[in-house]
Undergrad: 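Below are the structure tokens for one structure; questions will follow.
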Amino acid sequence: SSGIAASGAGLGGLAYNLAAGRAIQTMGVQTTYRILAFCALGSHLVSSLLLKDRPRSRAQPRQRTFNHRDLGHFEVLLVIVWGISTDLGYITLLYSLPNYASSIGLSPQQGSVAGAILNLGLVLGRPVVGYISDTYGRITISMAMTASCAILCLAIWIPAHSYALLLLFAVLCGMVCGTFWGTVAPVLTDVVGLNRLPSTFGMVCL
């Protein structure tokens, strides 16, 4: 279920890339960024207003939402290092793939399509990765998908100088580059347990 929930980011990114690419062509960069900023503001305001806390039973002990002592646990530090390293690569892919397309002689429209295909890979890959991680082990599959993302970058992205090869890389790497956000909650549950999950997850996000 975490993989299915996380795949929504890919759907949003798919629409975002295609719409932004088209808007830049028709309205220019400045107007496009203003529109995107107001869309982000509106969606965040609506999400904030709809967010509700789960009611806590009286028998359930009150827990701290942020516990700095989690930094003293080696396994939590490993998850944080995994998150930082994979997110650096993930964000690099999301925001530099269209620019890379331009650098090899492709049009801005083709670059926005490459970014959209990467997000399509997220939509397809995150539920699959979530399912197989439940079957074969969350930590094992997360490590394997993270490693395969690095291999794809070295084996396909670096020599990709054609549109077709770039799209192939985008869909394949998109399926594995967002593994962290699709599996971090189940992995943390395995590492620290369900009771410590909320506070530790807050620390990891920070």
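Computed over heavy atoms, backbone and side chain alike; hydrogens, waters and symmetry mates excluded.
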Undergrad: Out of curiosity, does Ile151 fall in the hydrophobic cluster containing Ile158 (side-chain heavy atoms, cut-off under 4.5 Å, transitive links)?
TA: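 No, because Ile158 and Ile151 fall into different hydrophobic clusters, even though each may have its own neighbours under 4.5 Å.
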Undergrad: Taking atom CE of Met27 as the centre, report whether more than 12 heavy atoms of other residues, nucleotides or ligands fall under 6.0 Å from it.
TA: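 Count over threshold, so yes.
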Undergrad: Any pair with a residue in residues 105-129 that passes ring pair (Phe, Tyr, Trp, His ring centres under 6.0 Å), sequence neighbours left out, goes on the list, sorted by first then second residue, please.
TA: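 As it turns out, there is no ring pair (Phe, Tyr, Trp, His ring centres under 6.0 Å) pair with a partner in residues 105-129 once direct neighbours are skipped.
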Undergrad: Please name the pair of heavy atoms, one in Leu122 and one in Cys177, separated by the smallest distance, quoted to 0.1 Å.
TA: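 The pair with the smallest heavy-atom distance is CD2-SG, 3.9 Å.
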Undergrad: Report yes if the distance between the aromatic ring centroids of Tyr90 and Trp181 is under 6.0 Å, otherwise no.
TA: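 Aromatic pair excluded; centres sit 6.0 Å or further apart.
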Undergrad: Tell me, do His73 and Arg196 make a side-chain contact under 4.5 Å, heavy atoms counted?
TA: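 Contact flag for His73/Arg196 side chains = yes.
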Undergrad: Going from CD on Glu75 to OG1 on Thr200, what distance comes out if it is rounded to the nearest 0.5 angstrom?
TA: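 With rounding to 0.5 Å, CD (Glu75) is 9.0 Å from OG1 (Thr200).
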Undergrad: Among the clusters formed by ILVMFWY side chains lying less than 4.5 Å apart, do Leu88 and Leu93 turn up in the same one?
TA: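 Yes, one cluster joins them.
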Undergrad: With side-chain hydrogen bond (donor to acceptor under 3.5 Å, both in side chains) as the test, would you mind laying out the steps for Ser133 and Thr183 before giving the verdict?
TA: CA-CA 8 Å; Ser133 68; Thr183 59; over 6 Å; no
Undergrad: Which distance, rounded to the nearest 0.5 Å, do you find between the OG1 of Thr92 and the CG of Asp87?
TA: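 Separation between the atoms: 9.5 Å.
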Undergrad: Would you compute the distance between atom SG of Cys173 and atom CG of Leu118 and round it to the nearest 0.5 angstrom?
TA: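 Result: 6.5 Å between the selected atoms.
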Undergrad: Do Thr179 and Cys149 have side chains that get closer than 4.5 Å, going by heavy atoms?
TA: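 The answer is no, as the side chains (C-beta and beyond) never meet within the 4.5 Å cut-off.
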Undergrad: State, with a plain yes or no, whether a side-chain heavy atom of Leu97 is found less than 4.5 Å away from one of Ile117.
TA: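 Not touching, per the 4.5 Å side-chain cut-off.
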Undergrad: Answer with yes or no whether the hydrophobic clustering places Tyr136 together with Val187; edges join I, L, V, M, F, W, Y residues whose side-chain heavy atoms lie under 4.5 Å apart.
TA: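 Shared cluster, yes.
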Undergrad: Quick one: does Met203's side chain get under 4.5 Å of Ile80's, heavy atoms only?
TA: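 They are in side-chain contact.
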Undergrad: Rounded to the nearest 0.5 Å, how far does CG of Leu45 lie from CG of Leu50?
TA: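 These two atoms lie 11.0 Å from each other.
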Undergrad: Looking at Phe201 and Val184, what are the two nearest heavy atoms and their distance?
TA: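 Residues Phe201 and Val184, closest heavy atoms: CE1-CG1, 3.6 Å.
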Undergrad: Do Met145 and Ile141 make a side-chain contact, defined as non-hydrogen atoms from C-beta onward lying under 4.5 Å apart?
TA: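 Result yes, sub-4.5 Å side-chain heavy-atom pair found.
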Undergrad: Can you name the nearest heavy-atom pair linking Ala114 to Leu167, along with the distance?
TA: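 Shortest heavy-atom separation between Ala114 and Leu167 comes out as CA-CD2, 3.8 Å.
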Undergrad: Judged by atom type as modelled, is there a donor-acceptor pair below 3.5 Å linking the side chain of Ser112 to the main-chain atoms of Gln109?
TA: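 Pair found, side chain donor or acceptor close to backbone of Gln109.
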Undergrad: Taking the side chain as every heavy atom from C-beta outward, state whether Trp157 and Leu165 have any pair of such atoms under 4.5 Å apart.
TA: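 Heavy-atom side-chain distance check fails, nothing below 4.5 Å.
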Undergrad: Look at the side-chain heavy atoms of Ile, Leu, Val, Met, Phe, Trp and Tyr, link any pair under 4.5 Å apart, and say whether Tyr33 and Ile35 land in one connected group.
TA: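 Hydrophobic grouping puts Tyr33 apart from Ile35.
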Undergrad: When rounded to the nearest 0.5 angstrom, what is the spacing between CG in Leu120 and CE in Met175?
TA: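 It is 9.0 Å, given to the nearest 0.5 Å.
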Undergrad: Would the distance check show the side chain of Ser47 and the main-chain N or O of His44 forming a donor-acceptor pair, the cut-off being under 3.5 Å?
TA: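 Not a single qualifying donor-acceptor pair exists.
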Undergrad: Quick one: closest heavy-atom pair of Leu152 and Val176, and the distance?
TA: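 Shortest heavy-atom contact: CD1-CG2, 4.0 Å.
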Undergrad: Go through Ile139 and Val191 one step at a time and tell me if the side-chain contact (heavy atoms from CB on, under 4.5 Å) criterion holds.
TA: CA-CA 9 Å; Ile139 296 176; Val191 171; 4.2 Å; yes
Undergrad: Look at the side chain of Ser96 and the backbone N and O of Asn99, then say whether any donor-acceptor pair between them is shorter than 3.5 Å.
TA: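 No, because the side chain of Ser96 does not come within donor-acceptor range (under 3.5 Å) of the backbone of Asn99.
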Undergrad: Any idea which heavy atoms bring Tyr163 and Val113 closest together, and the distance?
TA: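 It is OH-CG1, 3.3 Å.
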Undergrad: With a 4.5 Å limit on heavy-atom distance, are the side chains of Thr146 and Trp82 in contact?
TA: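 Contact flag for Thr146/Trp82 side chains = yes.
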Undergrad: Flag yes if Tyr95 and Val171 sit in one hydrophobic cluster, no otherwise; membership is Ile, Leu, Val, Met, Phe, Trp, Tyr, and two members link when side-chain heavy atoms are under 4.5 Å apart.
TA: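 Cluster IDs for Tyr95 and Val171 match.
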Undergrad: Rounded at 0.5 Å granularity, tell me how far CD1 in Ile104 sits from CG in Leu166.
TA: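 Reported to 0.5 Å precision, the distance equals 5.0 Å.
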Undergrad: Look only at the side chain of Ser102 and the backbone of Pro108, and say whether a donor-acceptor pair between them is shorter than 3.5 Å.
TA: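 Checked: no pair found.
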Undergrad: Evaluate the side-chain proximity of Tyr100 to Ser103: yes if any heavy-atom separation is below 4.5 Å, no if none is.
TA: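 They are in contact (side-chain heavy atoms under 4.5 Å apart), so the answer is yes.
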